[in-house]
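Below you'll find the structure, written out as structure tokens, and then a few comments.
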Amino acid sequence: MPEQHASPRPSRPLRILRATATAQTAVLLAQAVAAGLLLASVPVGRTVHSGMAGAVLLAVVLHLAAAVAAWRGGAVAGNTVLHGLPMLLLTFVQAALGFAHVRELHVPLGVLMFGASVMTLMRVRTQPQPQPRPRPEAQSQAQNEGATA
């Protein structure tokens, strides 16, 4: 029987970050479908699209919080947080444009946000698991042992 090598399971913060990136992308896709209903003059389109705006904001904030937690836990680099900040800003701009009924900017910005979310999802899905760093005490202890030998 061939030997099976299981890949190490990603850390919990990285798994949560991946889940929030997936949720963010799914909510943005659902928002685009709701926008299509609105533009097609389906009676519930406006209600669904307006309601989904809150879900988008929640998903973006949760993803940003997960990115901060993963960064603080050492699971990802700091640039992961920096990639989440513009998405939060774009969400507020997108909402303002929607309330102002500026479709000429609202629709392309929505497409940009969905594309950015897909890129974020791909980035966190392919994020390698960082190697654990030795503790400073262990390093100094190993250096002391090496000096006495």
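Values in this document were obtained by computation on a predicted structure and should not be read as measured data. In this chain, residues are counted from 1 in sequence order.
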Next item on the list: State plainly whether one hydrophobic cluster holds both Leu62 and Leu85, where clusters connect Ile, Leu, Val, Met, Phe, Trp and Tyr through side-chain heavy atoms under 4.5 angstrom apart.
Entry: no

Item checked: Within 6.0 angstrom of Arg12 CZ, more than 12 heavy atoms from elsewhere -> no

Margin query: Are Leu37 and Val107 linked, directly or through intermediate hydrophobic residues, by side-chain heavy-atom contacts shorter than 4.5 Å (ILVMFWY only)?
Written below: no

Check: How far does CE of Met87 sit from CG of Leu112, to the nearest 0.5 angstrom?
Finding: 7.5 Å

Check: Nearest heavy-atom pair of Pro13 and Ala70: which atoms, and what distance?
Finding: CB-CA, 3.7 Å

Margin query: Rounded at 0.5 Å granularity, tell me how far OG1 in Thr25 sits from CG in Leu121.
Written below: 4.5 Å

Next item on the list: Walk me through it: do Glu104 and Val102 pass the test side chain to side chain contact (heavy atoms under 4.5 Å, CB included)?
Entry: CA-CA 6 Å; Glu104 300 80 17; Val102 184; 3.8 Å; yes

Check: Do you reckon Leu39 sits in the same ILVMFWY cluster as Leu97, going by side-chain contacts under 4.5 Å, direct or chained?
Finding: no

Notebook entry, point to check: Any chance CE of Met122 has more than 12 other-residue heavy atoms, nucleotides or ligands included, within less than 6.0 Å?
Noted result: yes

Check: For Ala30 and Met52, which heavy atoms make the closest approach, and how far apart are they?
Finding: CB-CE, 3.5 Å

Next item on the list: Mark yes when over 12 heavy atoms from residues, nucleotides or ligands other than Arg15 sit less than 6.0 Å from its CZ; otherwise mark no.
Entry: yes

Note to self: Ignoring hydrogens, what is the shortest heavy-atom contact between Arg18 and Pro10? Give both atom names and the distance.
What the structure shows: NH1-CG, 3.3 Å

Margin query: For residues Leu105 and Phe114: do they belong to one hydrophobic cluster (side chain heavy atoms under 4.5 Å, members Ile, Leu, Val, Met, Phe, Trp, Tyr)?
Written below: yes

Item checked: Same apolar cluster: Val124 and Leu82, side chain cutoff 4.5 Å -> yes

Check: Closest approach of Thr20 and Ala66, non-hydrogen atoms and distance?
Finding: OG1-CB, 3.6 Å

Item checked: Minimum-distance pair of heavy atoms, taken over all atoms of Leu28 and Ser117 -> CD1-CB, 3.5 Å

Next item on the list: Look up atom CG in Leu17 and atom CZ in Arg125, then write down how far apart they are to the nearest 0.5 Å.
Entry: 10.5 Å

Next item on the list: Would you give the length of the straight line joining atom CG of Leu64 to atom OG1 of Thr80, rounded to the nearest 0.5 angstrom?
Entry: 11.0 Å

Check: side chain to side chain contact (heavy atoms under 4.5 Å, CB included) between Leu88 and Leu90: does it pass, once the steps are laid out?
Finding: CA-CA 5 Å; Leu88 183 62; Leu90 289 175; over 6 Å; no

Notebook entry, point to check: What heavy-atom pair brings Ala67 and Val81 nearest, and what distance separates the two atoms?
Noted result: O-CG2, 3.5 Å

Note to self: Between His63 and Gly84 (side chain of the first, backbone of the second, donor and acceptor by atom type, cut-off under 3.5 Å), is there such a pair?
What the structure shows: no

Note to self: With rounding to the nearest 0.5 angstrom, report the NE2 to CG distance, His83 to Asn79.
What the structure shows: 5.0 Å

Item checked: From Gln24 atom CD to Thr91 atom OG1, the distance as rounded to the nearest 0.5 Å -> 7.0 Å

